Amino acid sequence: MLVRWFYDPTLTYEDNYANGPFGAFAGDDAVLAADSPHEVFLGHPVHRPFGIPAGPLVNAAFCEAAFRQGFDVNVYKTVRTGAYPCHPFPNVLNVHVEGQLTLDKAGAPLLADGDLSRATSISNSFGVPSRDPDVWQPDMAAAVAAAGEGQLLVGSFQGTHPAPGVADRAAAYVADHVTAARLAAETGARVLEVNLSCPNEGTGNLLCFDTESVVRIAAAIKEEIGDLPLLLKMAYFRDDAALAGFVEATRGIVDGYAAINTIPARLVDADGAQALPGSGREVAGVCGGAIRWAGLEMVERLARLREAGDGFTIVGVGGVLTADDYSALRAAGADAVMSATGAMIDPALGAKVRALG
Ligand SMILES: Cc1cc2nc3c(=O)[nH]c(=O)nc-3n(C[C@H](O)[C@H](O)[C@H](O)COP(=O)(O)O)c2cc1C
């Protein structure tokens, strides 16, 4: 890496959690304060509806630094109702992709290695680790408090599948989402996001492709959290009819959608062997510059669906490496834009977006 990333992928997740953030996020420097907030996101005044999505900001220290550096809408990394381990190191590899990662290309193995010096597309294979709520609740509350004027902290959570032997597994899974939402709401977060799109749990099917279950889960969460805005974090949908059905079934329940998470692909080393160690990790989520097309296309499709019927909020995520990428997603209909890989590569990206006229 030419610049040390604030989440340092050459260290373990635990090292990052205990000792980060690093690089430009490590000091107390702040970018110059912007003028009064001049945009509104989900009812909250923000300087710019731009920030870092669920993932790289693993705790309050990272969130505080992101706010200081001019990222105005940031998501605290996805939490669960109980402690959950991280996949073994490494988690982030450089993924070699020629141009954009089309679905065709993602159907073939991709070379991945640890040389991140010029990476623009990476794996993120963590398995959604979580602290116990006793730890993350006060820490998320500190992250909420770290948002200055014109800034907003979003709390991300997801459900955990019940242990083997639990009788009504579907009901238990819904109930776990509801508990996670309640615990996140108790921190004072003013917007919540439920992750329905994790490709890193060793299960082939993403929750967001099971509309019936999502409706049950989203309705139960909303009953618990009331007026607190809820976003659904989605994967890329291949099928237009499936996307339309998903939005039709959920738009009356939730406040909006964040898309996309990652594009899954089989990652291999130079010998053709599995690049990330351990079972269930043959396929990993790829993010960064190579998935820009998919984030943009999903925002365009969601914006078209929004035209008919009641409105909803769209958060554009995926492959945003520059301020121009931010502008393209806004022009396509995104109410807010977020960058994970791009922000790690360029910690000044928040300041650059703030500087847009
Ligand atoms: C290090 C890292 C960890 C991530 N962890 C999560 C997570 O816990 N929950 C989630 O919903 N998405 C997670 N993501 C996915 C991002 O939120 C985002 O959807 C994805 O990286 C695409 O954006 P990008 O191309 O700007 O990286 C993670 C991404 C990265 C890079």
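Note that ligands are numbered from 1 as they come in the structure, with each ligand's atoms numbered from 1 the same way. Just so you know, these numbers come straight off a predicted model, no measurement behind them. We number each residue from 1, following the sequence as shown.
- When only non-hydrogen protein atoms are considered, atom 16 (C) of ligand 1 lies nearest to Ala54 O, 3.4 Å.
- We find that Asp346 and Lys352 are joined by a salt bridge, their nearest charged nitrogen and carboxylate oxygen being less than 4.0 Å apart.
- Proximity of Ile260 to ligand 1, defined as any heavy-atom pair under 4.0 Å, is confined to the backbone N, CA, C and O atoms.
- Protein heavy atom at the shortest distance from atom 22 (C) of ligand 1 is Asn261 O, 3.1 Å.
- A cation-pi arrangement is absent between Lys77 and Tyr7 under the rule of less than 6.0 angstrom and at most 45 degrees off the ring axis.
- A cation-pi arrangement is present between Arg80 and Tyr84 under the rule of less than 6.0 angstrom and at most 45 degrees off the ring axis.
- Close approach of ligand 1 to Ser339 is summarised as follows: ligand atoms under 4.0 Å from at least one heavy atom of the residue are 26 (O).
- Counting only N and O atoms by type, the side chains of Arg169 and Tyr173 include no donor and acceptor under 3.5 Å apart.
- A salt bridge does not link Asp310 with Arg251: none of the charged nitrogens is closer than 4.0 Å to a carboxylate oxygen.
- Close approach to Met344 involves these atoms of ligand 1, each under 4.0 Å from a residue heavy atom: 31 (C).
- Thr341 OG1, 2.6 Å is the protein heavy atom nearest to atom 27 (O) of ligand 1.
- Listed by number with element, the atoms of ligand 1 under 4.0 angstrom from any heavy atom of Gly319 are 24 (P), 25 (O), 26 (O).
- Looking only at heavy atoms of the protein, atom 1 (C) of ligand 1 is closest to Phe126 CE1, 3.3 Å.
- Partner of Tyr257 under the side-chain contact (heavy atoms from CB on, under 4.5 Å) criterion, out of Thr250, Val315, Leu305: Thr250 alone.
- Protein heavy atom nearest atom 26 (O) of ligand 1, with residue, atom name and distance: Ala340 N, 2.9 Å.
- Ring pair Phe237/Phe209: centre-to-centre distance below 6.0 Å.
- In terms of protein heavy-atom proximity, atom 29 (C) of ligand 1 is closest to Asn124 ND2, 3.3 Å.
- A heavy-atom separation below 4.0 Å is found between Gly318 and ligand 1.
- In the model, His96 has a side-chain atom that pairs as donor or acceptor with a side-chain atom of Asp113 under 3.5 Å.
- Inclusion of Asn195 in the set of residues having an N or O under 3.5 Å from an N or O of ligand 1 is warranted.
- Closest protein heavy atom to atom 8 (O) of ligand 1: Lys77 NZ, 2.8 Å.
- Across Arg354, Arg48, His47, a single residue satisfies side-chain hydrogen bond (donor to acceptor under 3.5 Å, both in side chains) together with Asp72, and that is Arg354.
- Looking at ligand 1, you won't find any N or O of Val128 less than 3.5 Å from one of its N or O atoms.
- Scanning all protein heavy atoms for the shortest distance to atom 7 (C) of ligand 1 gives Thr78 OG1, 3.3 Å.
- Considering backbone and side-chain N/O atoms, Ser197 never comes within less than 3.5 Å of an N/O atom of ligand 1.
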Please step through ring pair (Phe, Tyr, Trp, His ring centres under 6.0 Å) for the pair Tyr13 and Phe89, ending with a clear verdict.
CA-CA 8 Å; Tyr13 176 79; Phe89 181 85; over 10 Å; no
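- If you number the atoms of ligand 1 from 1 as listed, the ones under 4.0 Å from a heavy atom of Cys287 come out as 20 (C), 21 (O), 22 (C), 25 (O), 27 (O), 31 (C).
- Ring centers of Trp136 and Phe157: at least 6.0 Å apart, outside the cut-off.
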